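Here the structure is a predicted model, which means the values were calculated and not measured.
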Amino acid sequence: MPIKSLIRTVPHYPKQGIQFRDITTLLKDPIGFRMVVDALAHHYANQKIDKIAGIEARGFIIGAALAYKLGVGFVPIRKSGKLPADTIGHDYALEYGADRVEIHTDAIAHGEQVLLVDDLIATGGTAEAAVALIQKLGGFVMGCAFVIDLPDLGGAKRLVENGLKPFSLCEFEGD
């Protein structure tokens with residue numbers, strides 16, 4: 001069963017013209033969810049990873065399961081004002097607005113190898129903001145893992161141009 005077949009497209013969400021790729025249909029399928037975690041774990045099995053950083057909110061689900069599977073720690077990267085202790089933040093633009101992400105200042109130690117995880121890569125703004133936070137704490141982003149790549153929006157290419165290594169399990173092009 002292809003992972004892509006378990007992902008729902010919601011037209012015109014959150015605004016007119018956006019084709020939202022909804023992984024809740026994938027997550028509710030026990031075989032599909034396991035396939036995603038197992039495929040990512042297999043891809044990163046022989047790489048040194050100290051922590052997985054997951055981007056709110058769907059990156060938490062995939063990232064936490066992957067961290068468990070790989071036996072490493074998990075770090076949440078959240079929207080502004082959601083973390084209870086000392087944080088640093090980064091403002092960024094996304095394909096339909098602007099936002100801010102934050103991370104606890106003690107989440108990543110200097111020199112730790114971090115795998116960034118989210119459900120999809122679109123324009124790359126959210127991922128770049130998360131990378132900036134990890135790097136500000138002294139972490140090294142050894143890769144960026146996504147379930148979905150939207151290549152027409154150029155985010156994965158943008159990450160590559162910034163020396164990062166994106167990996168995704170499926171693509172949705174031109175629709």
For [X], all residues meeting side-chain contact (heavy atoms from CB on, under 4.5 Å), sequence neighbours excluded:
{"X": "V10", "answer": "R8, Y13, F20, D22"}
{"X": "K157", "answer": "E161"}
{"X": "A39", "answer": "L169"}
{"X": "A130", "answer": "I55, I77, L116"}

Are L83 and I52 in one and the same hydrophobic cluster, where Ile, Leu, Val, Met, Phe, Trp and Tyr link if side-chain heavy atoms are under 4.5 Å apart? no
Using the rule that Ile, Leu, Val, Met, Phe, Trp and Tyr join whenever any side-chain heavy atoms are under 4.5 Å apart, tell me whether I88 and V141 fall into a single cluster. yes
[atom2] on [Y] to [atom1] on [X], rounded to 0.5 Å:
{"X": "D99", "Y": "S80", "atom1": "CG", "atom2": "OG", "answer": "8.0 Å"}
{"X": "L133", "Y": "T87", "atom1": "CG", "atom2": "OG1", "answer": "9.0 Å"}
{"X": "L164", "Y": "C144", "atom1": "CG", "atom2": "SG", "answer": "5.0 Å"}

Which ring pair (Phe, Tyr, Trp, His ring centres under 6.0 Å) pairs, counting each pair once, include a residue from [range], with sequence neighbours left out?
{"range": "residues 106-155", "result": "none"}
{"range": "residues 147-167", "result": "H43-F167"}
{"range": "residues 52-85", "result": "none"}

Where at least one partner belongs to [range], residue pairs that pass salt bridge (charged side-chain N to carboxylate O under 4.0 Å, His left out), sequence neighbours excluded:
{"range": "residues 129-149", "answer": "none"}
{"range": "residues 118-134", "answer": "R58-D119, E128-R158"}
{"range": "residues 67-80", "answer": "D38-K69, E56-R78"}

Ignoring hydrogens, what is the shortest heavy-atom contact between [X] and [Y]? Give both atom names and the distance.
{"X": "I3", "Y": "M35", "answer": "CG1-CE, 3.8 Å"}
{"X": "H104", "Y": "P84", "answer": "NE2-CD, 3.4 Å"}
{"X": "L70", "Y": "A45", "answer": "CD2-CA, 4.4 Å"}
{"X": "T9", "Y": "Q19", "answer": "CG2-OE1, 3.3 Å"}
{"X": "I121", "Y": "A156", "answer": "CG1-N, 3.6 Å"}
{"X": "G17", "Y": "H12", "answer": "N-ND1, 3.0 Å"}

Please determine whether the number of non-hydrogen atoms from other residues, nucleotides or ligands lying under 6.0 Å from atom CZ of R100 exceeds 12. yes
K82 atom NZ, over 12 foreign heavy atoms within 6.0 Å: no
Tell me, please, which residues at least two apart from K165 pass salt bridge (charged side-chain N to carboxylate O under 4.0 Å, His left out).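 For K165 there are no salt bridge (charged side-chain N to carboxylate O under 4.0 Å, His left out) partners, ignoring immediate neighbours.
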Please step through side-chain contact (heavy atoms from CB on, under 4.5 Å) for the pair Q113 and D50, ending with a clear verdict. CA-CA 5 Å; Q113 303 264 351; D50 297 306; 3.6 Å; yes
Report yes if the side chains of [X] and [Y] come closer than 4.5 Å at any heavy-atom pair, otherwise no.
{"X": "V37", "Y": "R34", "result": "no"}
{"X": "I7", "Y": "V147", "result": "yes"}
{"X": "I148", "Y": "S168", "result": "no"}
{"X": "D86", "Y": "D106", "result": "no"}
{"X": "L115", "Y": "M142", "result": "yes"}

Got a donor-acceptor contact below 3.5 angstrom from the [X] side chain to the [Y] backbone?
{"X": "H90", "Y": "A132", "answer": "no"}
{"X": "E171", "Y": "P151", "answer": "no"}
{"X": "D152", "Y": "E173", "answer": "no"}

Which donor-acceptor pairs under 3.5 Å do side chains of residues 26-33 form with protein atoms, sequence neighbours excluded?
residue, atom, partner, partner atom, Å
D29, OD1, I31, N, 3.0
D29, OD1, G32, N, 2.6

Take I62 and L40, measure what side-chain contact (heavy atoms from CB on, under 4.5 Å) needs, and give me the verdict at the end. CA-CA 9 Å; I62 304 296; L40 291 173; 3.7 Å; yes
